[in-house]
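Below is one structure, written out as structure tokens; comments come after it.
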Amino acid sequence: FHIHTPICCPSRAELLSGRYFHNIKASKPKTTCMHVDEDVVNNVTFAKYLSEAGYTVGMFGKYLNAVPNYVPVGFDAWMANGGGDYYSPAFSTYNVDGLPN
């Protein structure tokens, strides 16, 4: 596996979307994800295609630098954060047994 852009959020965005950075770059960089167009990444991830193929898909851990206020398309279970607080991180959750949505 090869990451085209070796910087935190752009590399995760490339992995999630399957696109090179120049294809997901924001035209007006007002994002928290280092010039990544988060809407492009959140709406078309590999999870969408796996879900359409019948897989159950979960995201557990650090997502992008900013966690969207909705669960991106394709994820059946979700427990993610945007990093930052390593001692007591806050997670957004969805469809995880025993945790509130």
Side-chain angles (χ1 to χ4, degrees):
F1 180 72
H2 174 76
I3 294 293
H4 181 257
T5 308
I7 303 171
C8 65
C9 194
S11 65
R12 285 191 303 279
E14 287 177 345
L15 174 65
L16 286 165
S17 67
R19 298 176 180 187
Y20 288 118
F21 179 64
H22 65 272
N23 292 322
I24 55 175
K25 187 175 180 182
S27 57
K28 296 178 182 177
K30 294 181 180 180
T31 68
T32 58
C33 192
M34 303 175 115
H35 306 286
V36 171
D37 186 339
E38 297 165 30
D39 289 333
V40 171
V41 176
N42 292 332
N43 292 319
V44 185
T45 67
F46 72 92
K48 175 184 175 188
Y49 299 109
L50 289 173
S51 183
E52 289 172 356
Y55 288 89
T56 300
V57 184
M59 170 62 203
F60 303 94
K62 186 172 180 179
Y63 186 63
L64 299 176
N65 288 359
V67 178
N69 58 3
Y70 60 92
V71 177
V73 178
F75 290 104
D76 300 301
W78 175 266
M79 183 175 172
N81 72 4
D85 188 354
Y86 296 100
Y87 297 109
S88 181
F91 288 88
S92 66
T93 59
Y94 170 76
N95 207 24
V96 178
D97 289 341
L99 296 176
N101 284 339

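We use all heavy atoms of the structure for the numbers below, so side chains are in, but hydrogens, waters and symmetry mates are not.
The shortest distance between side-chain heavy atoms of Phe21 and Val36 falls below 4.5 Å.
Between the side chain of Thr5 and the main chain of Ile7, no donor-acceptor pair closer than 3.5 Å is present. One N or O on the side chain of Ser17 and one on the backbone of Ala13 form a donor-acceptor pair closer than 3.5 Å.
Minimum heavy-atom separation, Cys8 to Met34: SG-SD, 3.7 Å. Closest non-hydrogen pair, Glu14 versus Ile24, comes out as N-CD1, 4.0 Å.
The CG atom of Asp37 sits 11.5 Å away from atom CG of Asn23, with the distance rounded to the nearest 0.5 Å.
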If you look only at distance, which donor and acceptor atoms sit under 3.5 Å apart when one is on a side chain in residues 53-81 and the other is two or more places apart or in another chain?
from: Tyr63; atom 1: OH; to: Asn42; atom 2: OD1; distance (Å): 2.8
from: Asn65; atom 1: OD1; to: Arg12; atom 2: NH2; distance (Å): 2.7
from: Asp76; atom 1: OD2; to: Val57; atom 2: N; distance (Å): 2.8
from: Trp78; atom 1: NE1; to: Ser92; atom 2: OG; distance (Å): 2.8
from: Asn81; atom 1: OD1; to: Gly83; atom 2: N; distance (Å): 3.3

